[in-house]
S.K.: 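I have a structure here, written as structure tokens, and I will follow up with some questions on it.
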Amino acid sequence: MKKLFIFFMAVAVSTFAFASSETPLAKSILKSVSKCTVTAYGTYHYPNGNNVDVSCTKSASSCAQAQADAANCRDLNVCNAVRSFGLEPSPTLNCPKVSEFENP
Amino acid sequence: MKNLAELLIISILFFFPATKVRASANGDSIIKVTYKRSYNNPPFPESIGEECLIIVGNISYYIYGSGTKGKDGILRARVDQMKDWENHRLFYMGPMYPEYNLDSYWSDSLPAMKWTILNQFLTIKNNYCQKAVTSFRGRDYTAFFAINIPIQDGPFKFCGLPGLIVKISDSKGIFNFEMTSFEKIPNDYDLGIGKVYGDYSQFKSLFKKWHLRRLEKDKARREADPNCLDCSEGVTVRYTFIENLLD
């Protein structure tokens with residue numbers, strides 16, 4: 001009877017220990033898996049019937065951040081391509097000013 | 001003195017009609033054809049724009065939007081293509097910054113494509129249209145031209161059919177143009193083109209070199225700063241040309 005009691009106690013203690021150590025471990029794994037990945041697409045039409053298509057895939061710990069990074073990346077690439085034709089991109093693109101931007 | 005006054009009156013009478021002629025020529029009605037341009041290349045978003053064909057006698061201008069009115073009431077726009085039907089030449093804008101700016105134009109033949117007219121008909125926006133097909137610089141196109149509008153013109157470089165092109169798309173559905181309105185309007189436009197630097201073959205050769213130089217420069221920039229926001233993996237920049245300019 002005493003041996004049986006010791007066995008059950010051992011099982012109970014080990015279960016608690018496993019559970020308490022498992023919980024934070026699972027959380028940390030979840031954190032790395034829960035990185036949000038977002039792709040932003042953009043198209044810009046320029047003279048003589050030509051187009052530039054841009055896609056940017058960005059990952060971040062929050063989806064809002066990933067969305068902002070992907071959209072920024074897309075707009076910067078479109079700005080770069082449009083300026084390389086000597087065009088000034090439309091204000092809706094929110095391109096950095098030429099002085100802040102690499103001269104195409 | 002009397003002779004001088006007579007001379008002055010004769011001079012005024014002589015020049016007055018000339019001024020009138022110019023003014024009325026400016027107010028003559030012209031044809032404005034509006035097209036909806038759509039570029040549809042999934043997964044990229046569809047790009048839709050309004051473009052206009054302005055036909056003034058033997059010359060037509062293809063412009064983005066419908067022009068901007070100045071304080072003087074004159075409409076101005078950057079001309080993408082100009083077709084000179086009298087001299088059978090087409091001129092198009094071909095900027096390659098910084099060597100060639102937006103006022104740089106190149107010449108092309110008019111019409112630049114050969115059509116096969118098919119025995120198929122369709123009514124589009126109350127216009128009785130006939131089908132025609134062509135292959136033009138890397139793409140196959142299907143067009144519908146209005147039999148009831150005997151104008152051999154159309155959007156972009158497309159032209160040379162017995163009627164106005166009402167609708168045209170390439171076989172992949174990437175480039176599409178569709179007429180949305182046809183009207184006669186007073187000529188309030190002041191349109192023209194910049195310097196012409198060469199013909200299509202010269203443009204194509206220069207463009208290929210310029211484009212490759214641009215891609216190399218962009219690659220070098222990305223390699224120099226792999227952590228920049230618009231760099232790193234997952235960034236794709238793709239150029240789609242309506243004409244095959246890189247062969």
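A quick note: this is a predicted structure, and the numbers were derived from the prediction, not measured. Sequence lines set the chain letters: A, B, ... in the order given, protein chains first and strands last, and positions in each chain run from 1.
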S.K.: Is the count of non-hydrogen atoms from other residues, nucleotides or ligands lying under 6.0 Å from B:Glu183 atom CD greater than 12?
M.R.: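 Yes - once you tally the heavy atoms of other residues, nucleotides and ligands closer than 6.0 Å, there are more than 12.
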
S.K.: Which residues from residues 107-117 of chain B are near chain A, with near meaning under 4.5 Å between non-hydrogen atoms?
M.R.: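 Result: none.
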
S.K.: Side chain, backbone, both or neither: which part of B:Arg214 has a heavy atom under 4.5 Å from chain A?
M.R.: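 Just the side chain, heavy atoms under 4.5 Å.
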
S.K.: By ring-ring contact (aromatic ring centres under 6.0 Å, His included), which residues pair with B:Tyr105, not counting sequence neighbours?
M.R.: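 Partners of B:Tyr105 by the ring-ring contact (aromatic ring centres under 6.0 Å, His included) criterion come out as none, since no residue qualifies.
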
S.K.: Given heavy-atom pairs under 4.5 angstrom as the criterion, report whether the side chain, backbone, both or neither of B:Phe175 touches chain A.
M.R.: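 For B:Phe175, side-chain heavy atoms alone lie under 4.5 Å from chain A.
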
S.K.: Considering only heavy atoms, which portion of B:Phe177 lies under 4.5 Å from any heavy atom of chain A: side chain, backbone, both, or neither?
M.R.: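 Neither the backbone nor the side chain of B:Phe177 comes within 4.5 Å of chain A.
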
S.K.: When rounded to the nearest 0.5 angstrom, what distance separates CG in A:Asn51 from CZ in B:Arg238?
M.R.: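 Answer rounded to 0.5 Å: 10.5 Å.
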
S.K.: Would you please go through residues 36-55 of chain B and name the residues with a non-hydrogen atom below 4.5 Å from one of chain A, in numerical order?
M.R.: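 Residues in range: B:Arg37, B:Tyr39, B:Asn41, B:Pro43, B:Phe44, B:Pro45, B:Ser47, B:Glu51.
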
S.K.: Where along residues 155-169 of chain B does a heavy atom come under 4.5 Å of chain A, listed by residue number?
M.R.: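 Listed by number: B:Phe156, B:Lys157.
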
S.K.: Which atom names give the shortest non-hydrogen contact between B:Tyr64 and A:Gly49, and what distance separates them?
M.R.: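 Minimum heavy-atom separation between B:Tyr64 and A:Gly49: OH-N, 4.3 Å.
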
S.K.: Hey, does A:Asn48 have a side-chain heavy atom less than 4.5 Å from the side chain of B:Ile242?
M.R.: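 Not in contact.
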
